[in-house]
There are 2 protein chains.
Amino acid sequence: MADAGEFTIENRPPANATHEAAAIARPKVAVDTVLFAVGGRGLECYLLQLASGPNAGKWAFAGGLVRVGETLDGAARRALRDASALTDAYLEQLFSFGDPSRDPTSHVVSVAYMALIDNPKRVGAASAKYSGGRWFAAGDLPELAYDHSLMAGYAVARLRAKLEYTNIACALLPPSFTFAELEEVYAAVLERPLDRRNFRRRIMAMDLLRRTPEQRRGAHRPAALYAFKHRSVRAIQML
Amino acid sequence: MADAGEFTIENRPPANATHEAAAIARPKVAVDTVLFAVGGRGLECYLLQLASGPNAGKWAFAGGLVRVGETLDGAARRALRDASALTDAYLEQLFSFGDPSRDPTSHVVSVAYMALIDNPKRVGAASAKYSGGRWFAAGDLPELAYDHSLMAGYAVARLRAKLEYTNIACALLPPSFTFAELEEVYAAVLERPLDRRNFRRRIMAMDLLRRTPEQRRGAHRPAALYAFKHRSVRAIQML
DNA sequence: CCAAAAGTGTTGAGTATACACCCATGA
DNA sequence: TCATGGGTGTATACTCAACACTTTTGG
């Protein structure tokens, strides 16, 4: 029930139950954000190198402590902005990790988020907390700080699952795109090739897309451009 | 990255970064546990009446603050034990709720859990934090404290979804049971009747059950008793 | 006219659904 | 013997996967 004003026998404040500052030590709350985009190497994941602390030099996801008065989504958005200058990523809460030993410094409960953007090139400079950042193939991440490898696993699993029953792909694509580009996103995330005809039929049956009047002209036959009918992520009604 | 030893410009400790106790105010972490069982009225949900605090008299789920050194699962288990004397429920983390206004007393981030037991009669006495507890039909809950109505919605949705692709029903059933009882659990959670023949075929195809040598004898034809091959919850491989 | 990517249908297998009667037992 | 819940099979509709050729353009 999450009420700071009530205490069980085993969970009693020092003496003065009404004085907040007198509270006993509590775990802190942080957020960590697993950022994905589809790039040249398929599904890619953005990592930052920690500049200081006991994990200095190790790779990690964008994260930070949650402040009083801040929502979790807000904290995740701020952590992502500080680490990559992104302000408009799709964000979705994944899972909370609370093992007391996950951070050797102190007990920090971390709420993991997944973030999606349509183009890996859109990431910008990181704050001084990080000494650098770069994209890695999602299937081939280096050793990560804290329990961030665990988080990465959760994130990939969630993304894969939601691709099948939501329009989440819209967060990995620009406003308009060709069918081939859409298929590329699915193939990258699912890590398997898809049959072009069956894929087109399946997507069309979901009634997610709107054909735009424009075409993409390139070296060969022009491709029709499509856009998602709804840019907000929602479950697909399967009859 | 959840590192208490690192700070951005906007997130700096007062003066002495190495001294933990000097840290600025942070949100607290709690857990709340949505307990389900299948009973006479279908899917039922256990609520506790808060004994004190600003929400005294309101119904809520079992919950409490997480302690330093405690895992989230451990805290959920403790909250459930304090509220209902249950020690062996199936527990699964659902989602974290962090809106600063969800608890008017202070900023508390709550990690919601779902708990399942095989029989509503197994709940025991609650700690002094609660003035009482009882089961409600899951589809007809009273007004709840905090954001617990939201949590209830998440919990029911998760349970319904997992019934379809995991063996989670094993947590809602005793070690052995008849096919009719299994069907009853599914019908109660999904809130729709199932065709007995199709249901049996589907379950059998999943290869989850083991037929026990015993029979249940009652007023009529005896029923074969089944048990789950695996009592731990796992996803079902759908070919 | 050639290279390269875009676009399009059909068939067969397997899966899901609808549906009704006999069986075994205790009272 | 009857009332009650336990247990079983089939026919049909639908969904999903496999599969190859034609079209359009730029160079």
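The basis for the numbers below is simple: all heavy atoms, side chains too, and nothing from hydrogens, waters or symmetry mates. In the text below, chain A, chain B and the rest are named by the order of the sequence lines, each starting its count at 1.
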What's the closest nucleotide to the P222(A) side chain, out of dG7(C), dG6(D), dT25(D)?
dT25(D)
Expressed in angstrom and rounded to an integer, what is the separation of E184(B) atom CD from dG5(D) atom P?
12 Å
Whole-Å distance separating the CZ atom of R216(A) from the P atom of dG26(D):
15 Å
Closest to the side chain of R217(A), out of dA6(C), dC19(D), dT25(D), is dT25(D)
Reckon A205(B) touches a base, only the sugar-phosphate, or nothing at all at heavy-atom distances under 4.0 Å?
nothing
Tell me which nucleotide among dG9(D), dT25(C), dG6(D) gets nearest to the side chain of H220(B).
dT25(C)
Is a donor-acceptor pair below 3.5 Å formed from side chain R221(B) to base dA3(D), judging by atom type as modelled?
no
hbond_proxy R196(A) side chain to dG7(C) base (donor-acceptor, 3.5 Å cutoff)
yes
Between C1' on dA6(C) and CG on L182(A), what's the gap in Å once rounded to a whole number?
14 Å
For L194(A) and dC16(D), give me the distance from atom CG to atom C1', rounded to whole Å.
13 Å
Measure from NZ or CZ of R197(A) to the centre of the six-membered ring of F199(A), then state whether that distance is under 6.0 Å and the direction lies within 45° of the axis.
no
From CZ of F179(A) across to P of dT23(D) the rounded distance in Å is 21 Å
Less than 3.5 Å apart, any donor N or O on the side chain of D82(B) or Y130(B) sitting next to an acceptor on the other?
no
Can you confirm if the aromatic rings of Y90(B) and Y113(B) lie within a centre distance of less than 6.0 Å?
no
Using the ring centroid of each side chain, check whether F179(B) and Y226(B) are separated by less than 6.0 Å.
yes
On the side chain of R201(B), is there an atom forming a donor-acceptor pair with the base of dT10(D) - under 3.5 Å, no angle test?
yes
Testing dG7(D), dT25(C), dC19(C) for proximity to the side chain of A223(B), the answer is dG7(D)
